[in-house]
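Letters A, B, ... are given to chains in the order of the sequence lines, protein chains preceding strands, and every chain is numbered from 1.
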Protein chains: 2
Amino acid sequence: MLMKQATQRYTALRRSIVEVMSKSSTPLTIGDLLRKLPKVPQSSLYRNLAVLEQAGVAVRVKTSGDTGRYELSERLAGHHHHLVCSRCGSMKDIVVPSSVEKRLDDSLHALAKSEGYVMQHHRLDVVGVCKKCR
Amino acid sequence: MLMKQATQRYTALRRSIVEVMSKSSTPLTIGDLLRKLPKVPQSSLYRNLAVLEQAGVAVRVKTSGDTGRYELSERLAGHHHHLVCSRCGSMKDIVVPSSVEKRLDDSLHALAKSEGYVMQHHRLDVVGVCKKCR
DNA sequence: TTCGGTGCAAAGGGTTTGCATTCAC
DNA sequence: GTGAATGCAAACCCTTTGCACCGAA
């Protein structure tokens, strides 16, 4: 599968990282991952996340300024976006109606082309205030 | 104006930071800013960017993992999004047709509400490959 | 005179790396 | 057996902070 073609090994640790991510409905911070994977040294976590990212298995989510967040790539988790609380920084996956997605995507493709870019994909974050923070 | 109501001074340095940002059609990295503002110590730049951000004048853009990027807030620069090159990381401002924006925004408002969030705004990045990187 | 702003240098904190050891193929 | 993976600790790098001095109201 994905790991094979990247000439990397799918070790027990990598397997467990993927498993933890697949059970979460939100991108996880390094802290979250360390908490859910006791006894894993930070360096191993970072290194393996980098490997998983290169292999196209995981993605680093850029929305939170402070610490890194990771989730499974869309190839594995499906296309989705994030709802982000501007107060506490918590995130939640959301799926936008495909009709809206399509129209947006068409529009963005054209825009990118007119600027001399070849579009690959889009990222969308919805920023708001969650229930707890109100 | 914005600085006044934040009980902060609109000093020469702050003025020049804002001026540099207003002349750019892309968010600027700390490095960019230091280059365009010679002799300004990093610490002063960082401190002033923080002040400008608090005052609602500038915004820290989250898309690049490595170093911070800043641009004028939408209140000053207008609503727009970013075209990002996945190879070199360069960014460019883009404006999406308002009809598409509206439909998207309506849809996102509803989605956020159904998840228990009060939506504030959305962020959208178009990721692709720029002319130079192809 | 007072309080914010500035500069320099040092401290912080998340992330990365060097190196010797262990493990998977 | 060989090259990748792992752990620990040290190094990195961007960013923040302490502190003394300067400047505007």
Q: Using Watson-Crick and G-U wobble pairs with both distances under 3.5 Å, what is the 5'-to-3' dot-bracket string of DNA chain D, with [ ] for crossing pairs and | for pairs outside the strand?
A: |||||||||||||||||||||||||
Q: Check whether A:Ser107 reaches the backbone of A:Arg103 with its side chain - one donor and one acceptor, N or O, closer than 3.5 Å.
A: no
Q: Between B:Ser86 and A:Gln120, do the side chains contain an N or O donor and an N or O acceptor separated by less than 3.5 Å?
A: yes
Q: Can you tell me if A:Glu71 uses its side chain to pair, donor with acceptor, with the backbone of A:Leu28 under 3.5 Å?
A: no
Q: Between the protein and nucleotides 13-15 of chain D, which nitrogen or oxygen pairs come in under 3.5 angstrom?
A:
from, atom 1, to, atom 2, distance (Å)
D:dT15, OP1, B:Gly68, N, 2.8
D:dT15, OP2, B:Tyr46, OH, 2.1
D:dT15, OP2, B:Thr67, OG1, 3.4
D:dT15, O5', B:Tyr46, OH, 3.0

Q: Is there a donor-acceptor contact under 3.5 Å from the side chain of A:Ser98 to the main chain of A:Glu101?
A: no
Q: If only side-chain N and O atoms count, and only distance matters, is there a donor-acceptor pair under 3.5 Å linking B:Asp125 with B:His81?
A: no
Q: Looking at A:Arg87 and A:Arg134, would you say the former's side chain and the latter's main chain have a donor-acceptor pair under 3.5 Å?
A: no
Q: Nearest whole angstrom, please: distance from the P of D:dA5 to the CG of A:Leu45.
A: 15 Å
Q: Quick check on the 6.0 Å ring-centre criterion: do B:His79 and B:His122 meet it?
A: yes
Q: Would you say a side-chain N or O of B:Thr11 is under 4.0 Å from OP1 or OP2 of C:dG5?
A: no
Q: Is there a donor-acceptor contact under 3.5 Å from the side chain of B:His80 to the main chain of B:Gly78?
A: yes
Q: Between the base of D:dG7 and the side chain of A:Arg47, is there a donor and acceptor pair under 3.5 angstrom?
A: yes
Q: Measure CG/A:Leu52 against C1'/D:dT6 and give the value in whole Å, please.
A: 15 Å
Q: Does the base of C:dG5 carry an N or O that pairs as donor and acceptor with the side chain of B:Arg15 under 3.5 Å?
A: no
Q: B:Asn48 side chain N/O closer than 4.0 Å to the phosphate oxygens (OP1, OP2) of C:dG5?
A: no
Q: Between atom CD1 in A:Ile17 and atom P in D:dA5, what is the gap in whole Å?
A: 12 Å
Q: How close or far is atom C1' of C:dC8 from atom CG of B:Leu34, stated in whole angstroms?
A: 15 Å
Q: Is the shortest heavy-atom distance from the side chain of B:Ser24 to the side chain of B:Tyr70 under 4.5 Å?
A: no
Q: If you look at every strand shown and take non-hydrogen atoms under 4.0 Å, does A:Ser43 touch a base, only sugar-phosphate, or nothing?
A: base
Q: Would you please confirm or rule out a distance under 4.0 Å between OP1 or OP2 of C:dG5 and any side-chain N or O of B:Arg14?
A: yes
Q: Check the distance between D:dA5's P and A:Tyr10's OH and give it to me in whole angstrom.
A: 14 Å
Q: Using atom CG of B:Leu13 as one end and atom C1' of C:dG4 as the other, report the distance to the nearest whole Å.
A: 14 Å
